[in-house]
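Everything quoted here is computed from the prediction, not taken from an experiment.
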Amino acid sequence: MQDLFSKFMENAVRFEQDSRTIRVKYKLCVDKMDGIELHTVMEAMDVAGILDYSLAKAADLIIKHAITPAVSYGSPAMFAEDVNQGSEGISEAVLKILPSQDCKIVDVDGDAIYARVIQVIKFIFKHICFENGSWIRSFGRLTWPRISDIIISKFLSKVVPEDASKLVDFQKIVKCTSEFEFSLKEMMFLSASDGKDYRLSSFSENVEVHFAFRKKTEVLGKARNLLLQCDFSVPQDYTSKGPLLKNDGMAINSSNQVVDLIFSSKRCVVSKAASQLMELVHQTLQDVCLSSARVAWEFYHAVRDAILLYEAVIPVKLERQLDGINQVAILMYNDCLFLSQEILGLAFEYRTDFPDSIKEHAVFADMAPRFHLMAEEILQRQIQIVIFNLREVIDGADGFQNTHQMQQFESAKFSIDQAVFILEKVHIIWESLLRPSTYKRSMCMVLESVFSRITKDILLLDDLAAEETLQLQRLIHMMLDNLSSLLKSLISAFDSNEKSEEDTSRPIDDLIPSLRKIRKLGELLDMPLKSITSAWESGELMSCGFTILELKDFIRAIFADSTLRKECIWRIENVSLY
């Protein structure tokens with residue numbers, strides 16, 4: 001029976017290749033059985049429960065030759081219906097498949113594509129299923145999974161937006177897709193109760209979610225790659241004199257690594273990682289402003305996660321380099337300072353254009369303090385590394401003992417030369433990369449550590465020979481002469497915008513108290529005892545940071561015991577009582 005009914009349906013629904021026509025005959029002839037009505041055959045198949053089986057070939061034919069061309073994105077087919085009607089009624093119905101007159105038609109809104117599919121299904125509903133709800137539902141169960149797959153693969157998947165700004169336009173497709181499935185439900189081609197039938201709406205409505213997830217993954221992937229690939233080098237055309245001032249800097253240096261600090265009139269040099277990361281952040285936030293609430297929310301979280309990737313990736317990547325004296329640590333300090341200020345400005349720049357549903361929930365300022373803290377930690381760590389290295393080389397001077405002996409003098413001189421070399425290296429790196437006020441503050445801390453250590457070591461010496469005092473004086477003068485350019489750089493380092501935070505215009509001796517003290521110590525080493533005593537009585541030595549105990553020990557170390565020495569020490573002690 002199944003084979004017989006299959007033959008009837010093959011005779012009823014045919015595709016003519018030459019004329020590209022689907023022809024439906026109303027009166028059938030199979031195995032000498034002539035004049036059988038198609039409607040009668042459909043009723044019989046329905047009663048026998050073999051409707052799905054018998055319609056399978058007809059369904060394949062219609063999907064292949066009508067549905068697929070109708071959904072072809074870019075060059076869709078058109079359809080024309082015709083009915084042959086005689087004295088006994090309709091004898092056959094014809095669906096002609098016509099090529100599109102414009103081979104470049106692009107139905108971005110979906111309306112035309114869905115209209116053509118509905119035209120085909122209405123043809124089936126009227127001329128094969130005879131407007132019987134049960135029969136068209138059976139045909140729908142048989143064909144809809146394949147039809148929906150074709151529509152998704154040949155149309156919907158091809159119009160998924162690649163850019164957030166296009167998502168608004170895609171909402172038109174979401175709407176017409178829903179209306180299309182509603183029309184099929186009204187024809188009973190789709191079930192009114194089975195949610196699985198609404199595959200197209202499910203796909204189109206979830207495109208936003210898929211798009212947002214894909215773009216979020218893409219943003220985080222880009223952020224991670226640029227962070228991992230960055231070598232933390234300074235741009236080749238960078239000069240320390242140009243880029244720190246906004247007006248002159250732009251003319252001298254156009255590198256995108258020389259950036260504005262939005263809460264300062266100054267500029268600073270950052271790594272490519274930081275500048276490119278913020279470019280990515282700004283691009284993504286622009287997409288937030290153009291997106292629906294659901295997509296915008298994912299983009300917002302992508303921005304936060306991308307920024308926090310810097311904190312997760314860079315310290316691990318640069319762990320070894322951060323333990324040395326180099327430009328990497330200073331660039332990373334600038335990065336964190338730059339990021340902290342940029343983060344604070346994001347809400348002011350973009351929030352008003354965010355979708356209403358996330359305006360009150362989008363927060364960036366909470367991330368800024370952690371980058372500011374990380375910047376200070378990096379800088380303080382670098383300062384301590386420099387101080388540690390300087391202490392190590394000064395240790396090699398063995399407390400500056402016995403410098404009247406050539407070997408000991410050369411050893412002490414070598415330690416001083418090493419200290420000067422380290423300080424000049426730090427000077428070159430820090431002055432070119434740090435903001436003036438930060439450079440001045442940091443370098444003063446380092447120099448204070450060096451000068452105070454050397455002064456302390458010399459003042460702890462006892463029983464100094466005359467030649468020894470001259471050699472010590474020579475070492476001090478040599479060191480200060482070699483550091484003259486560094487000290488001049490500190491005098492010129494003045495950041496007017498940050499004057500309220502710290503008075504960077506103060507004399508250099510006030511910022512490095514031990515500088516005045518070591519200079520005076522160089523003078524004291526060949527000064528007569530009476531002159532030393534007078535300098536104490538005038539308060540000059542006290543203003544340079546000398547204590548009464550240090551001065552008394554210094555006098556005892558240089559001058560032999562005598563009545564004059566006792567008198568001078570007595571005068572020093574008595575002056576200290578007032």
Side-chain angles (χ1 to χ4, degrees), residues 2-42 45 51-107 112-131 135-136 138-140 142-151 153-155 158 187 189:
Q2 287 181 343
D3 291 340
L4 177 62
F5 283 122
S6 293
K7 288 179 181 180
F8 274 118
M9 292 308 301
E10 287 178 25
N11 183 247
V13 183
R14 292 185 177 184
F15 175 70
E16 297 175 357
Q17 184 67 48
D18 293 341
S19 60
R20 292 183 57 79
T21 300
I22 294 176
R23 193 177 299 276
V24 178
K25 295 172 64 177
Y26 276 47
K27 294 186 181 295
L28 310 177
C29 179
V30 173
D31 294 340
K32 299 182 180 180
M33 290 183 286
D34 194 12
I36 306 296
E37 295 281 349
L38 174 58
H39 188 278
T40 304
V41 171
M42 292 291 292
M45 290 190 298
L51 198 60
D52 289 358
Y53 177 84
S54 302
L55 286 174
K57 287 188 177 181
D60 288 342
L61 182 149
I62 291 171
I63 289 173
K64 180 179 179 181
H65 298 292
I67 297 294
T68 300
V71 179
S72 180
Y73 181 70
S75 55
M78 309 299 288
F79 300 97
E81 295 182 40
D82 192 15
V83 174
N84 294 328
Q85 189 162 358
S87 58
E88 297 182 4
I90 298 174
S91 61
E92 67 177 9
V94 173
L95 183 68
K96 293 183 179 180
I97 303 162
L98 309 174
S100 171
Q101 294 179 351
D102 186 351
C103 62
K104 295 183 179 180
I105 290 177
V106 177
D107 295 303
I113 284 179
Y114 290 141
R116 289 192 293 273
V117 174
I118 287 176
Q119 184 181 0
V120 173
I121 292 174
K122 281 184 175 179
F123 178 84
I124 296 166
F125 180 58
K126 183 176 181 181
H127 299 293
I128 297 178
C129 297
F130 299 98
E131 299 182 352
W135 296 351
I136 192 64
S138 180
F139 199 91
L142 191 63
T143 59
W144 180 240
R146 292 168 62 192
I147 292 174
S148 57
D149 283 343
I150 291 169
I151 293 173
S153 63
K154 291 188 172 293
F155 170 59
K158 294 184 182 297
M187 281 193 291
F189 186 82

So, taking the atom named [atom1] in [X] and the one named [atom2] in [Y], what distance separates them when rounded to the nearest 0.5 Å?
X    : Y    : atom1 : atom2 : answer
I128 : L55  : CD1   : CG    : 8.0 Å
I151 : Y114 : CD1   : OH    : 6.0 Å
I121 : F139 : CD1   : CZ    : 8.5 Å
N11  : K25  : CG    : NZ    : 4.5 Å
M45  : Y53  : CE    : OH    : 12.0 Å
L61  : E10  : CG    : CD    : 10.0 Å

Could you work out, with side chain to side chain contact (heavy atoms under 4.5 Å, CB included) as the rule, every residue matching [X], not counting sequence neighbours?
X    : result
K122 : I118, M187
L4   : F8, V30, D31, M33
I90  : Y26, V83, Q85
E16  : S19, T21, R23

For this session: Decide side chain to side chain contact (heavy atoms under 4.5 Å, CB included) for F79 and R116; before the verdict, give the C-alpha distance in whole Å, the side-chain angles of both, and the deciding distance to 0.1 Å.
Result: CA-CA 7 Å; F79 300 97; R116 289 192 293 273; 4.0 Å; yes
Would you mind writing out the side-chain donor-acceptor pairs for residues 34-41 within the sub-3.5 Å range, not counting sequence neighbours?
from : atom 1 : to  : atom 2 : distance (Å)
E37  : OE2    : K27 : NZ     : 2.4

State, with a plain yes or no, whether a side-chain heavy atom of [X] is found less than 4.5 Å away from one of [Y].
X    : Y    : value
V94  : E81  : no
I113 : K154 : no
W144 : F189 : yes
M9   : M42  : yes
F15  : I97  : yes
E131 : F125 : yes
D82  : L95  : no

Donor-acceptor list for residues 63-70 side chains, cut-off 3.5 Å, not counting sequence neighbours:
from : atom 1 : to  : atom 2 : distance (Å)
T68  : OG1    : I63 : O      : 2.9

Exercise. Which atom names give the shortest non-hydrogen contact between F5 and S54, and what distance separates them?
Worked result: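 That would be CB-OG, 3.7 Å.
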Problem set entry | Greater than 12 external heavy atoms within 6.0 Å of K126's NZ |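 Atom NZ in K126 is not packed in, count stays at 12 or less.
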For this session: Verify side chain to side chain contact (heavy atoms under 4.5 Å, CB included) between I62 and T143, making sure each step is shown before the conclusion.
Result: CA-CA 9 Å; I62 291 171; T143 59; over 6 Å; no
